[in-house]
Amino acid sequence: MLKIWYYGGTDYMEDAPSYFDNVYEDEWIEDDFVKEMIKDVDKSTVISAHVIESPVFGAITPQGLSGGVKVLILMLKDDSFVYNMSNCGNSCAKWILKIAEQKDLTVYLQHILRFEGSFEIQIMNTGKIVHNTREYVLALLEAEESLR
């Protein structure tokens, strides 16, 4: 299940993209699920653990990936921290839910990320569990209000 702390309530990794640059492992990049995320979010193709073909930049290393993809990979592969989902754009939302299907995932968020369809997300500030976009947005607004 995905668990979200909204605007507070927990410590979190503030600069996950820089952290990724220093800790990622070759095996992470070679994982088929990670390759799919990179292809979908960054529109780039993993050639090897050290070379990724970007339609914008040409050949890049994993350090050249977007901050959003770096955070997704960390959420999947490194349970050391609660990661700030605010580094992720809406293109990452479906992948966050897919990761949360594989494991219990707690994250931090500072904006409303667009999740679509039905899902199960717990807003940790209030304990409320939501199942669709309407419930999710209302629960985030309630959590934000509780911080004032």
Side-chain angles (χ1 to χ4, degrees), residues 1-46 49-52 54-57 59-117 119-130 133 135-148:
M1 176 191 293
L2 178 60
K3 299 175 182 176
I4 298 174
W5 284 102
Y6 190 61
Y7 273 112
T10 191
D11 292 329
Y12 61 93
M13 166 59 67
E14 291 191 31
D15 190 3
S18 292
Y19 173 71
F20 173 89
D21 290 346
N22 292 292
V23 302
Y24 82 89
E25 299 176 16
D26 291 350
E27 303 84 54
W28 296 3
I29 307 304
E30 295 168 338
D31 179 292
D32 287 338
F33 188 82
V34 170
K35 289 178 182 179
E36 284 183 61
M37 289 190 303
I38 292 169
K39 183 72 171 171
D40 184 52
V41 177
D42 281 4
K43 311 298 185 232
S44 298
T45 304
V46 175
H50 303 281
V51 179
I52 299 164
S54 164
V56 176
F57 303 111
I60 61 172
T61 66
Q63 289 95 339
L65 292 168
S66 69
V69 167
K70 289 177 181 181
V71 173
L72 288 174
I73 296 169
L74 286 168
M75 287 177 187
L76 180 66
K77 299 292 186 178
D78 184 344
D79 295 329
S80 301
F81 301 96
V82 170
Y83 295 101
N84 185 353
M85 223 170 38
S86 298
N87 289 300
C88 299
N90 289 325
S91 61
C92 296
K94 75 178 183 183
W95 293 103
I96 294 166
L97 290 175
K98 287 180 181 189
I99 293 167
E101 288 173 5
Q102 296 181 28
K103 64 189 223 177
D104 208 22
L105 180 63
T106 302
V107 298
Y108 178 81
L109 181 64
Q110 293 175 315
H111 71 281
I112 296 176
L113 197 60
R114 192 174 309 139
F115 293 105
E116 297 179 359
F119 44 77
E120 187 169 82
I121 297 173
Q122 183 174 17
I123 308 304
M124 298 301 287
N125 307 62
T126 63
K128 187 170 281 186
I129 296 176
V130 298
T133 303
E135 292 177 1
Y136 164 73
V137 171
L138 291 173
L140 289 183
L141 294 173
E142 181 183 325
E144 185 176 353
E145 185 64 31
S146 72
L147 296 171
R148 295 178 188 194

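Keep in mind that the numbers below use all heavy atoms, side chains included, and drop hydrogens, waters and symmetry copies.
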Legend entry - Atom CD of Glu14: over 12 foreign heavy atoms under 6.0 Å: no
Inset, instruction - Report yes or no: does Asp31 contribute a side-chain atom to a donor-acceptor pair with the main-chain N or O of Phe33 at less than 3.5 Å? - result: yes
Inset, instruction - Output yes when a side-chain donor or acceptor of Lys43 lies under 3.5 Å from a complementary backbone atom of Asp40, and no otherwise. - result: yes
Inset, instruction - Output yes when a side-chain donor or acceptor of Asp42 lies under 3.5 Å from a complementary backbone atom of Ser66, and no otherwise. - result: yes
Legend entry - Side-chain donor/acceptor of Lys35 to backbone N/O of Thr45, under 3.5 Å: no
Inset, instruction - Test ring-ring contact (aromatic ring centres under 6.0 Å, His included) on Tyr19 and Phe81 and set out the steps. - result: CA-CA 11 Å; Tyr19 173 71; Phe81 301 96; 5.1 Å; yes
Inset, instruction - Give a yes or no answer on whether the side chain of Gln122 reaches the backbone of Gly127 with a donor-acceptor pair at less than 3.5 Å. - result: yes
Legend entry - Heavy-atom side-chain contact between Val71 and Cys92 under 4.5 Å: no
Inset, instruction - Give a yes or no answer on whether the side chain of Lys39 reaches the backbone of Val46 with a donor-acceptor pair at less than 3.5 Å. - result: no
Inset, instruction - Taking the side chain as every heavy atom from C-beta outward, state whether Leu105 and Ile96 have any atom pair closer than 4.5 Å. - result: yes
Legend entry - Side chain Thr61, main chain His50, donor-acceptor under 3.5 Å: no
Inset, instruction - State whether a side-chain donor-acceptor pair under 3.5 Å links Asn125 with Ser146. - result: no
Legend entry - Approximate separation, where rounding is to 0.5 Å, of Glu36 CD and Trp95 CH2: 4.5 Å
Legend entry - Nearest-0.5 Å distance, CE of residue Met1 to CG of residue Leu97: 11.5 Å
Inset, instruction - Could you walk me through whether Met75 and Met85 pass side chain to side chain contact (heavy atoms under 4.5 Å, CB included), step by step? - result: CA-CA 9 Å; Met75 287 177 187; Met85 223 170 38; 3.6 Å; yes
Legend entry - Minimum heavy-atom distance Ala143-Thr126, with the two atoms named: CA-CG2, 4.0 Å
Inset, instruction - Could you tell me whether the side chain of Asn90 and the main chain of Arg114 form a donor-acceptor pair under 3.5 Å? - result: yes
Legend entry - Inter-residue atom distance Lys3.NZ - Ile123.CD1, 0.5 Å rounding: 12.0 Å
Inset, instruction - Please name the pair of heavy atoms, one in Ser44 and one in Ser54, separated by the smallest distance, quoted to 0.1 Å. - result: OG-CA, 3.4 Å
Legend entry - Distance-minimising heavy-atom pair for Met37 and Ile99: SD-CD1, 4.1 Å
Inset, instruction - Using a 4.5 Å cut-off on heavy atoms from C-beta on, say whether the side chain of Tyr108 contacts that of Thr10. - result: yes
Inset, instruction - Ignoring hydrogens and angles, tell me if any N or O in the side chain of Tyr136 forms a donor-acceptor pair with the backbone of Leu113 under 3.5 Å. - result: yes
Legend entry - Min side-chain heavy-atom separation Pro62-Phe20 under 4.5 Å: yes
Legend entry - Sub-4.5 Å side-chain heavy-atom contact between Thr106 and Leu2: no
Inset, instruction - Taking the six-membered ring for Trp and the full ring for Phe, Tyr or His, determine whether the centres of Tyr83 and Tyr12 are under 6.0 Å apart. - result: no
Inset, instruction - Quick one: do Leu76 and Gln102 satisfy side chain to side chain contact (heavy atoms under 4.5 Å, CB included)? Show the steps, please. - result: CA-CA 9 Å; Leu76 180 66; Gln102 296 181 28; 3.6 Å; yes
Inset, instruction - Take Lys128 and Leu138, measure what side chain to side chain contact (heavy atoms under 4.5 Å, CB included) needs, and give me the verdict at the end. - result: CA-CA 10 Å; Lys128 187 170 281 186; Leu138 291 173; over 6 Å; no
Inset, instruction - Quick one: do Asp78 and Tyr24 satisfy side chain to side chain donor-acceptor pair (under 3.5 Å)? Show the steps, please. - result: CA-CA 9 Å; Asp78 184 344; Tyr24 82 89; over 6 Å; no
Inset, instruction - Ignoring hydrogens and angles, tell me if any N or O in the side chain of Tyr7 forms a donor-acceptor pair with the backbone of Glu144 under 3.5 Å. - result: no
Inset, instruction - Give the C-alpha distance, both sets of side-chain angles, the deciding distance and a yes or no for side chain to side chain contact (heavy atoms under 4.5 Å, CB included) between Lys77 and Val34. - result: CA-CA 10 Å; Lys77 299 292 186 178; Val34 170; 4.1 Å; yes
Inset, instruction - State whether the number of non-hydrogen atoms from other residues, nucleotides or ligands found under 6.0 Å of Asp11 atom CG is greater than 12. - result: no
Inset, instruction - Quick one: pull up CG in Leu72 and CD1 in Ile38 and give me the separation to the nearest 0.5 Å. - result: 9.5 Å
